[in-house]
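The structure appears below as structure tokens.
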Number of protein chains: 2
Amino acid sequence: MGEADLARLAAIAQPMSISEGRAFIAEGDPAEHFFNITAGTAKLFKLLPDGRRQITGFASIGSFLGLAVSVTYAFGAEAVEPVHLCRFSRPRLRTLIDDLPAMEKRLLEVASNELVAAQEQMLLLGRKTARERVASFLLARRDPPAAALVSLPMARTDIADYLGLTIETISRTLTRLRNEGLIDLPSPTRVRLLDPAGLNTLATGLS
Amino acid sequence: MGEADLARLAAIAQPMSISEGRAFIAEGDPAEHFFNITAGTAKLFKLLPDGRRQITGFASIGSFLGLAVSVTYAFGAEAVEPVHLCRFSRPRLRTLIDDLPAMEKRLLEVASNELVAAQEQMLLLGRKTARERVASFLLARRDPPAAALVSLPMARTDIADYLGLTIETISRTLTRLRNEGLIDLPSPTRVRLLDPAGLNTLATGLS
DNA sequence: CGTGTATTTGACTTTGTTCAACACGCGTGG
DNA sequence: CCACGCGTGTTGAACAAAGTCAAATACACG
């Protein structure tokens with residue numbers, strides 16, 4: 001994309017700040033906007049009528065939200081940490097994308113990668129044990145991918161709803177990993193991976 | 001897409017027939033091809049080293065496979081029923097797509113829809129009970145979407161690996177739904193939905 | 001008609017949930 | 001400054017849903 005294209009994009013972007021805990025997409029609402037997160041972390045989730053919740057992913061800097069074709073959002077979104085984002089009117093973005101093949105291509109790449117991540121998560125939810133899920137989660141949250149320190153900005157409830165478990169199981173599993181010397185828990189929101197290789201063995205079910 | 005474009009597409013398409021039970025994509029193999037299914041049903045799956053399997057979806061006529069960006073396939077694929085498909089060399093298709101914005105657009109639509117389906121499946125795997133999963137599965141497999149008769153070309157093992165359950169639980173749950181008058185099971189591969197509304201209540205967790 | 005596979009059913013086990021109590025950190029106000 | 005209250009996290013004990021193991025039945029195919 002050239003500079004002129006970026007300028008056109010910037011012209012229709014509405015920058016916004018979302019404070020912690022605020023929802024900015026409601027599942028089922030008319031899908032009028034498209035979002036690009038520029039800072040912070042948001043959780044994306046689906047709900048059952050009785051309140052059960054599945055967090056389908058955490059979106060942070062660079063993530064695109066709302067590219068579904070449907071007229072309504074298929075998921076809700078809420079800030080876990082204060083979020084900065086750019087909002088785009090879908091019809092306006094649509095006309096812009098239509099003569100920016102590079103943008104379309106980029107979106108297809110993004111969607112493809114998310115699809116791969118979604119399949120990995122299905123494997124986790126359908127076939128992994130609680131220990132394997134937590135180990136996988138900790139490894140996946142490393143940034144950079146070799147870092148020993150992992151920060152968990154989301155609450156236990158969110159981790160539980162992401163991994164298809166309860167907060168009690170998350171808590172017990174983390175404690176057990178600590179007792180086994182695989183991790184350290186300097187604070188509830190910080191984890192130090194003491195044995196990444198061991199965690200990886202666990203995460204891939206080889207233990 | 002114009003007729004000339006379709007002709008160019010057809011020129012690089014390699015039609016193939018895959019017999020039942022044959023794998024045609026192996027997870028981890030170099031992603032050299034792109035597939036378009038023209039008949040039959042295939043299962044897509046991911047494996048853990050110890051053999052646990054998660055089926056991430058069933059692909060049938062019209063499905064596109066292998067659009068991930070990665071150099072290797074993130075999933076395996078195997079014919080459930082005899083499959084007819086067109087295979088495309090990825091580099092050749094890439095050059096073709098690059099000057100067919102309509103095709104790129106179509107692929108983005110497909111990917112977006114699959115993403116929505118994947119999120120729905122994560123909700124199912126992470127938060128629904130066995131009964132809710134089976135009810136959701138039966139309703140989703142209706143074709144047309146209001147049909148009372150559902151055919152299950154895949155074995156119980158495949159249903160189990162798709163719903164994150166065991167074959168025994170699938171079997172017991174179907175029997176129980178039959179005993180409760182919600183469905184009829186004329187044969188293991190055929191299900192008649194006697195009370196779609198009741199099943200829907202179940203599937204959405206409202207019971 | 002027999003053989004092998006897929007499915008169903010039954011008895012028992014296990015993993016993770018539920019319910020409940022307790023600990024900890026933190027901000028507010030006495 | 002410290003007691004109090006509240007939200008979040010941890011731990012324990014009882015429970016339940018689904019899994020495992022095993023056996024019986026049904027089914028398709030040679």
Side-chain angles (χ1 to χ4, degrees), chain A residues 20-21 43 48 50-54 80-81 124-138 150-180 183-191 202 205 207, chain B residues 19-21 43 48 50-55 80-81 124-138 150-180 183-191 202 205 207:
Chain A
E20 188 178 329
K43 54 190 176 198
L48 286 171
D50 64 1
R52 276 175 285 171
R53 185 179 65 159
Q54 178 64 38
V80 166
E81 293 173 311
L124 180 148
L125 293 171
R127 287 294 177 229
K128 290 190 183 177
T129 65
R131 266 161 80 70
E132 292 163 355
R133 292 182 201 199
V134 172
S136 304
F137 176 70
L138 293 176
V150 170
S151 86
L152 305 176
M154 69 291 292
R156 293 288 181 273
T157 307
D158 292 335
I159 301 176
D161 285 348
Y162 181 57
L163 300 181
L165 300 168
T166 60
I167 54 173
E168 292 92 335
T169 299
I170 300 294
S171 189
R172 280 189 251 270
T173 305
L174 285 172
T175 313
R176 183 161 161 216
L177 293 177
R178 175 169 54 65
N179 293 342
E180 295 169 346
I183 62 170
D184 188 22
L185 293 164
S187 89
T189 63
R190 299 205 151 278
V191 182
L202 230 183
S207 56
Chain B
S19 55
E20 187 178 328
K43 54 189 177 199
L48 285 171
D50 64 1
R52 276 175 286 171
R53 185 179 68 159
Q54 178 63 38
I55 291 182
V80 166
E81 293 173 312
L124 180 148
L125 293 170
R127 287 295 178 228
K128 290 190 182 177
T129 65
R131 265 160 79 70
E132 292 163 356
R133 294 182 201 200
V134 171
S136 303
F137 176 69
L138 293 176
V150 170
S151 87
L152 304 177
M154 68 292 292
R156 293 288 181 271
T157 305
D158 292 335
I159 302 177
D161 284 349
Y162 181 57
L163 300 181
L165 300 169
T166 60
I167 55 173
E168 293 93 335
T169 299
I170 300 294
S171 188
R172 281 190 252 269
T173 305
L174 284 172
T175 316
R176 183 163 162 214
L177 292 177
R178 175 169 53 65
N179 293 343
E180 295 169 347
I183 62 172
D184 189 22
L185 294 165
S187 90
T189 65
R190 299 205 152 277
V191 182
L202 230 182
S207 55

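Naming: A, B, ... by sequence-line order, numbering from 1 per chain.
At the heavy-atom level, S187(B) lies nowhere under 4.0 Å from the strands shown. At a threshold of 4.0 angstrom between heavy atoms, the contacts of L174(B) with the nucleic acid are absent.
Neither OP1 nor OP2 of dA18(D) sits under 4.0 Å from any side-chain N or O of T166(B). Side-chain nitrogen and oxygen atoms of T169(B) include at least one within less than 4.0 Å of the OP1 or OP2 phosphate oxygen of dG19(D). The phosphate of dA18(D) (OP1 or OP2) has no side-chain N or O of R172(B) nearer than 4.0 angstrom. For the OP1/OP2 pair of dT9(C) and a distance below 4.0 Å, the side-chain nitrogens and oxygens of T175(B) include at least one atom meeting the criterion.
Classification of R176(B) and E180(B) as a salt-bridged pair holds, one side-chain N sitting under 4.0 Å from a carboxylate O. Between R127(A) and D50(B), no side-chain nitrogen of the basic residue sits less than 4.0 Å from a carboxylate oxygen of the acidic one, so the salt-bridge criterion is not met. By the 4.0 Å N-to-carboxylate-O rule, D184(A) lies too far from R190(A) to be salt-bridged with it.
In this structure, L202(B) CG and S207(B) OG are separated by 4.0 Å, a value rounded to the nearest 0.5 Å.
The side chain of S171(B) sits closest to dT8(C) out of dT10(D), dT8(C), dC21(D). Closest contact between the side chain of L165(B) and the listed nucleotides dA18(D), dG10(C), dT18(C) involves dA18(D).
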